[in-house]
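None of these values were measured; they are calculated from a predicted model.
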Amino acid sequence: CLQDARSIGRINLAADTISRSILPVLESRAWPPCVSWAALGRVAIQIGSFYRDYGDPDRALALADLAEKLLYLENSAARHTLIELARIHQHRGIAMLGLGDLPASIRLITESKREFYELRYAVGVSNAALWLARAALLQGEPRNARKLLALPERDFEKYLSVTERWILP
């Protein structure tokens with residue numbers, strides 16, 4: 001729900017979701033909480049995304065660090081955990097773009113894109129391509145941005161034509 005609220009710019013919906021669904025779990029006397037560490041990590045990264053989207057990349061980076069620590073508490077090599085770790089790299093890269101550090105941003109987002117390819121996670125690859133294209137535009141390279149946007153589509157066609165499928169939403 002937090003991810004959906006962010007995409008439509010609904011801060012009030014996000015605040016309501018946090019106060020009614022997340023804080024009661026965190027405030028309960030049961031510790032560790034009844035949800036997984038990975039789930040708490042996903043909440044941290046989504047809250048950080050709100051901060052990033054509304055102009056506070058430093059706080060977004062701090063929440064990405066928290067999310068990574070929570071995911072490591074999960075102590076799992078499960079695919080969903082590896083995807084979340086790759087998403088954290090991507091979110092750090094996006095925050096670095098907001099701070100104006102293009103080299104760090106490109107490095108982190110490219111790293112996440114490679115991880116998403118290895119995990120066959122199409123949404124992550126597509127999102128990385130969009131942010132790398134944004135970085136190319138900021139560098140004054142519109143042709144490179146266009147090329148970056150075409151790459152995932154060709155790759156998906158190639159991979160979808162074989163028996164091993166990509167994970168699509």
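Within 6.0 Å of the CZ atom in Arg146, the count of heavy atoms belonging to other residues, nucleotides or ligands does not exceed 12.
In this structure, the side chain of Gln90 engages the main chain of Gly124 through a donor-acceptor pair within 3.5 Å. In this structure, the side chain of Thr81 does not engage the main chain of Ala77 through any donor-acceptor pair within 3.5 Å.
Here CD of Glu118 is found 12.0 Å from CZ of Arg79. Values are rounded to the nearest 0.5 Å. One distance of note links CD1 of Ile45 with CG of Leu40; it measures 13.5 Å at 0.5 Å rounding. Interatomic distance, CG of Asp101 versus CZ of Arg107, reported as 8.5 Å (0.5 Å rounding). We find the CZ-NE2 distance between Arg114 and His89 to be 9.0 Å, quoted to the nearest 0.5 Å. Distance CG/Leu61 to CG/Leu66: 12.5 Å, rounded to 0.5 Å. Here the OG1 atom belonging to Thr110 is positioned 4.5 Å from the CG atom belonging to Leu132, to the nearest 0.5 angstrom.
Counting all heavy atoms, side chain and backbone alike, Ala133 lies closest to Ala145 at O-CB, 3.5 Å. Pairing each heavy atom of Met96 with each of Leu108, the nearest pair is CG-CD1, 3.9 Å. Pairing each heavy atom of Ala60 with each of Gly48, the nearest pair is CB-O, 3.2 Å. Closest approach of Leu71 to Glu84, counting heavy atoms only: CD1-CB, 3.5 Å. For Gly41 against Leu70, the heavy-atom pair with the smallest separation is N-CD1, 3.8 Å.
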For this session: Using the side chain to side chain contact (heavy atoms under 4.5 Å, CB included) rule, take Ile106 and Gln139 through it: C-alpha gap first, then chi angles, then the decisive distance, then the call.
Result: CA-CA 11 Å; Ile106 291 167; Gln139 291 176 316; 3.7 Å; yes
Problem set entry | CA sep, side-chain torsions, deciding dist, call: Leu97, Trp131, side chain to side chain contact (heavy atoms under 4.5 Å, CB included) | CA-CA 9 Å; Leu97 193 62; Trp131 284 103; 3.5 Å; yes
Exercise. When you look at Arg87 and Ser112, which way does the side chain to side chain contact (heavy atoms under 4.5 Å, CB included) test go after all the steps?
Worked result: CA-CA 7 Å; Arg87 288 185 69 230; Ser112 73; over 6 Å; no
For this session: Could you walk me through whether Leu99 and Asp58 pass side chain to side chain contact (heavy atoms under 4.5 Å, CB included), step by step?
Result: CA-CA 8 Å; Leu99 289 170; Asp58 290 316; 3.7 Å; yes
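Annotation: side chain of Asp65 is in contact with side chain of Arg92 (closest heavy-atom distance under 4.5 Å). Using a 4.5 Å heavy-atom cutoff, the side chains of Pro142 and Leu137 are in contact. At a threshold of 4.5 Å between non-hydrogen side-chain atoms, the residues Arg52 and Asp56 do not count as touching.
Here the rule is side chain to side chain contact (heavy atoms under 4.5 Å, CB included) with Phe116, and of Leu82, Val125, Asn127 only Val125 fits it.
Trp37 and Leu63 end up in the same hydrophobic cluster when Ile, Leu, Val, Met, Phe, Trp and Tyr side chains are linked at under 4.5 Å.
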